[in-house]
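Notes for the one structure printed next.
Reminder, nothing fancy here: chain letters follow the sequence lines and each chain counts from 1.
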2 protein chains.
Amino acid sequence: MSEATRILVVDDDPRIRTVVRRGLAYEGYRVVEAASGEEGLEKAREHLPALVVLDIMMPGIDGLEVTRRLRSAGDEVAILMLTARDEVKDRVVGLETGADDYLVKPFSFEELLARVHALLRRKAAPAGEVLRFADLELDVDAREAHRGGRTIELTTTEFNLLLLFMRHPRKVLTRDVIMEHVWAYDFEGESNVLEVYVRYLRGKIEADGESRLIHTVRGAGYVLKE
Amino acid sequence: MSEATRILVVDDDPRIRTVVRRGLAYEGYRVVEAASGEEGLEKAREHLPALVVLDIMMPGIDGLEVTRRLRSAGDEVAILMLTARDEVKDRVVGLETGADDYLVKPFSFEELLARVHALLRRKAAPAGEVLRFADLELDVDAREAHRGGRTIELTTTEFNLLLLFMRHPRKVLTRDVIMEHVWAYDFEGESNVLEVYVRYLRGKIEADGESRLIHTVRGAGYVLKE
DNA sequence: GGATCGTCTCAGCGCGTTCTAAGGTTCGTT
DNA sequence: AACGAACCTTAGAACGCGCTGAGACGATCC
């Protein structure tokens, strides 16, 4: 993506959060923090991170429950679980619940970074990935789309935008979220680039009499749905 | 692959060896066992495995030393290290020594299998002698290409670049990826070597009225496709 | 020492991509 | 129905990416 990958760090221990935040920020990631499971779920919805570093042991909603809720909401975000105890059971339960990998505390930052890289490579850009929605396909490797038997070439911005939609189908994406992900704008600078690019995309993927896929939600943003 | 992938399991604990051997054999791998570091080095030389599952704690030559010797002998085999103690230092030293990944004992077989798969995917080095794409052939041994009945001589850099494309057809390779693979740059300074070499390649493999094979993807990189 | 080959730098330019801006259209609210 | 806000559409300006040709530099061979 044009902008730095977002990572959400959920841990009730502020020291862990700080270490992880600083290290990942130094590596060029955009880091969002949450001090509890509740806050984690909220921030995940708000920022659409590519990966969540999630402590398993937390008061209130613990890491396992956060994972369960994210997954049952259809969120496929990469989850790296931090387990305090070194017990097979914990790790297995974590993976069964829907986490993608785990790391046993205490860990060095280098270990965390290695797992983060591996996960992002595996999850965010798996080889041969083809995203599908309705009769629309997005070939991530080739950076091209397919619909109605034709191949659709996309520019970088068009691709990034469509990728965001395809990764969050049926979910209303607000203007702010889209702008942050595709254009890296922190600030609304009064621009209609987004509308222009939605039009470009529609022109390419909704040719002729094909059904509309990118719908406008007035006052909110856009959704990918039938 | 024409033959089953070979995996060498080095551990002084026969129970571990048995569990791992049975599981991996069930998955279709050819498993070779060794009960000590010395035997491990010997079997590695003899069988040229694609991956070594290596216990770190062994009497005599331990896992770290085995790794060191393999690496200093130029062996790039994938190494998955088994560490008994859950101490950061052990794991980090293991990775620094040249291991590719580690697993903390006790582990479930599923965990082991996941790591083995990931490692093989990452490290696998397909040594095809002649790569083909469309009407273009790349003879890896002779380091020359063929198209339209003629033989195309390539310089080292041209060959490496074309090899990368041929190994990832129809996949957009970003500038960074190409630079890392072909030039091993940390890309500090801006350079357009890549563009220059793409031009050289195009000049050689897309002579006259032949169709374009290396396509530019503006803002991203290049793709090999029809 | 000269010639050839391979690698890489540099600067100018063309053109695709991105974005702005202005006017038009639709929608929701009253 | 009327109004303003939100969104759509279009054209074209501005930007910068990638292409190109020339040549500097070092290595190798004669």
OP1 or OP2 of [N] sitting under 4.0 Å from any side-chain N/O of [X]?
{"X": "Trp183(A)", "N": "dT18(C)", "answer": "no"}
{"X": "Ser191(A)", "N": "dC19(C)", "answer": "no"}
{"X": "Thr155(B)", "N": "dT7(C)", "answer": "yes"}
{"X": "Thr157(B)", "N": "dG6(C)", "answer": "no"}
{"X": "Thr156(A)", "N": "dT17(C)", "answer": "no"}

Exercise. Is Tyr222(A) side chain donor-acceptor paired with the dC7(D) base, going by distance under 3.5 Å alone?
Worked result: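 A donor-acceptor contact between them is absent.
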For this session: Decide yes or no, distance alone: a donor-acceptor N/O pair under 3.5 angstrom between the base of dC17(D) and the side-chain of Arg218(B).
Result: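 Yes, the side chain and the base share a sub-3.5 Å donor-acceptor pair.
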Problem set entry | Arg202(B) NZ/CZ over Tyr222(B) ring centroid, <6.0 Å and within 45° of normal |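 Not flagged: Arg202(B) not positioned over aromatic ring of Tyr222(B).
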For this session: Under the salt bridge (charged side-chain N to carboxylate O under 4.0 Å, His left out) rule, what do Arg69(B) and Glu42(B) come out as? Steps first, then yes or no, please.
Result: CA-CA 11 Å; Arg69(B) 296 200 189 178; Glu42(B) 192 183 314; over 6 Å; no
Exercise. Given side chains that start at C-beta, do those of Thr174(A) and Val177(A) come closer than 4.5 Å, heavy atoms only?
Worked result: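 The answer is yes, as the side chains (C-beta and beyond) meet within the 4.5 Å cut-off.
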Exercise. Taking the six-membered ring for Trp, are Tyr29(B) and His117(B) parallel (under 30°), tilted (30 to 60°) or perpendicular (over 60°)?
Worked result: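 Rings of Tyr29(B) and His117(B): tilted, as their planes differ by 30° to 60°.
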Problem set entry | Comparing Val196(A) and Val217(A) on DNA chain D - which has the more 5′ nearest nucleotide |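 Its nearest nucleotide being more 5', the pick is Val217(A).
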For this session: Would you mind reading off the distance between Ile178(A) atom CD1 and dC7(D) atom P, rounded to a whole angstrom?
Result: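 In whole Å, dC7(D) P lies 11 Å from Ile178(A) CD1.
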